[in-house]
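So the structure is just underneath, and the comments pick up after that.
A note on names: the letters A, B, ... follow the listed sequences, proteins ahead of strands, and every chain is numbered from 1.
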Amino acid sequence: MYKAKDGSELFIIDGHVHLWDASPENIRNIHGKQFIDCFYGYHASLSPPEQLWTPEKFAKYGAEQMVKDLFIDGPDDMAIFQPTYLKDFYKTGFNTLEQNAILKKRYPDRFILNGAFDPRDGEGGLEALEAQAETYKLKGVKLYTAEWKGDSRGYKLSDPAAYKYFEKCEKLGIKNIHVHKGPTIIPLDRDAFDVADIDHCATDFPNLNFIVEHCGLPRLDDFCWIAVQEANVYGGLAVVLPFIHSRPGYFAKVISELLFWLGEDRILFGSDYGIWTPQWLVERFMNFELPEEVMKETGKELTMTAKRKILGENAARLYDVDIASQRAKLSRIEMAAA
Amino acid sequence: MNARHDAEGHEAAGNEAMGNEATGNEARIAEVRATLDRVTDPELDESVVDLGFITAITVTAPDEVDVAFRLPTYWCAANFSYLMASDMREAVLGLSWVRRAVIHLDDHMYVEAINEGIAQGKDFTEVFPAGDGQDLSAIRRNFALKSFERRQEMLLRHLLAAGHPPETIAAISLAALEALKLDAEGTVLRTRYLERRHWPQDVMTVGEGVSPFAFVTRDGERLMPETLGIYLRHIRRIGLNAEFNGALCRGLLASRYPGTTPAATPDFIGAC
């Protein structure tokens with residue numbers, strides 16, 4: 001819950017969080033070490049100095065710290081877990097649905113669990129997805145289209161194999177497809193400038209929502225062009241938002257582009273926790289105002305209503321969260337705990 | 001003779017023989033650095049030298065050069081890494097006195113495959129076969145177009161701010177643009193733009209030949225004064241991409257190699 005200066009309250013849904021284990025004990029090989037080092041690079045280069053963690057803490061912060069950072073010290077009311085398996089790099093995986101489910105069990109009203117699939121897993125993968133959906137009542141998945149797998153250098157969401165999975169998703173009630181289209185963090189190259197596949201599947205699956213994480217940056221140009229034509233394409237702000245600290249002028253330009261092309265109903269907040277914590281991100285975002293000349297360029301404003309939508313209402317719509325009743329439920333739990 | 005230089009150009013290891021020979025090496029290294037300065041990271045549209053990617057230039061024999069480079073992450077996309085290494089090799093081999101150029105990438109997931117492939121002059125698809133037919137020339141072309149639009153936008157905005165009306169800008173010929181009197185900043189922007197306006201050849205060649213107009217779209221069509229504003233709005237996202245990448249890559253490089261200071265964002269990009 002975030003209390004604005006005018007006294008009004010905002011319901012915050014953090015659209016992108018992780019609970020990972022990259023401790024030395026869990027690292028399988030050099031790739032695992034390099035992977036967490038790269039994440040740390042993002043953390044170190046885009047965080048305000050007072051928010052910096054040590055590499056040790058960053059490698060494994062633990063569930064208690066996460067709950068504290070999101071819901072106690074931080075403003076999140078709810079958070080969506082996006083898994084990243086990476087079992088080739090980490091003995092028990094980096095950040096798996098199974099691990100996330102343990103925390104969800106303890107805080108059932110706080111977390112939303114998302115799953116994952118890879119169309120290259122064929123029939124077996126479809127069955128696994130079905131089982132996953134049934135066990136965890138999934139409403140969303142996170143995909144990495146550019147992940148290397150054996151000889152494959154990635155896949156497209158427009159591939160027939162992917163379509164089989166989308167058909168399955170429709171049947172299973174998984175309607176939110178989060179796709180990593182962003183900076184290079186895992187072995188990938190094919191998506192390096194390619195968000196075009198979203199165009200096809202968004203047209204062919206109008207009942208599914210495609211949330212393009214990191215807004216396709218560094219392919220913002222292609223992404224905006226696609227998003228403007230497809231009503232079921234959304235932009236996730238993870239990695240984009242931290243620029244509000246180091247390069248606020250740049251952030252202003254990007255968010256105004258997104259407001260211009262997608263509109264305030266199709267932008268979702270995500271902290272990408274533990275890379276960044278929601279407390280400072282939300283605080284800065286709430287205090288942020290678009291410079292005059294940027295507003296003049298696009299004719300768009302970042303109003304209080306827009307902020308409210310981006311920080312929670314849009315995600316609530318996608319994940320069928322009734323904000324009023326969820327708010328009441330959460331405050332009852334807090335009262336009981338106190 | 002060995003003369004090693006770090007990224008900032010300081011001499012890292014001395015020469016046994018001083019005097020003319022050392023001066024010769026100095027000059028050669030400077031020549032190599034100058035030619036590498038024209039090699040860009042395609043996504044960032046900035047020089048690999050300015051970005052702090054080059055860690056050492058060594059003249060290993062009178063006609064042999066060894067270049068070492070690094071990238072902001074272990075995971076930097078293999079195709080982009082390969083593309084840069086291959087461009088570096090080609091650039092260095094373009095110097096009249098160089099017969100052999102060895103390019104070393106350090107600290108990368110595919111370091112062996114990339115270094116070996118480059119040494120043998122192989123195609124990216126030979127080294128990383130994936131069967132989807134994607135080759136580096138498609139990437140090169142795509143990013144050359146993006147770079148063309150980005151540099152064009154910067155120059156157009158500069159000209160508009162300097163008081164040139166849209167009608168004049170739309171009608172100006174290539175020759176007239178080249179002769180136009182500009183301030184220092186405008187001159188840099190023009191040079192950068194013309195570099196892409198003329199390269200690669202096929203990008204701007206339409207129909208019978210190159211358009212005589214200085215400002216054309218990526219499809220070779222001339223700009224119209226009445227739609228110039230909309231056009232600028234359209235292409236400005238390219239610059240936003242590059243800026244995002246540039247800021248991110250500089251931050252990641254500095255975090256990965258503490259103590260090194262990659263060059264600051266160049267002036268032509270503009271501070272935010």
- Message: So for A:Q34, is it side chain, backbone, both, or neither that comes closer than 4.5 Å to the heavy atoms of chain B?
- Response: both

- Any side-chain heavy-atom pair of A:F58 and A:I36 under 4.5 Å: yes

- Would one find more than 12 heavy atoms of other residues, nucleotides or ligands at under 6.0 Å from atom CD of B:E112? no

- Item | Side-chain heavy atoms of B:L51 within contact of B:R250, under 4.5 Å | yes

- Message: Taking the six-membered ring of B:Y257 as reference, does the cationic atom of B:R70 (NZ for Lys, CZ for Arg) lie under 6.0 Å from its centre and within 45° of its axis?
- Response: yes

- Side chain, backbone, both or neither of A:W261 within contact of chain B (heavy atoms, under 4.5 Å): side chain

- Query: Counting heavy-atom pairs under 4.5 Å to chain B, which of A:L220, A:I30, A:V240, A:D37 comes out on top?
  - Reply: A:L220

- For A:F223, is it the side chain, the backbone, both or neither that has a heavy atom under 4.5 Å from a heavy atom of chain B? neither

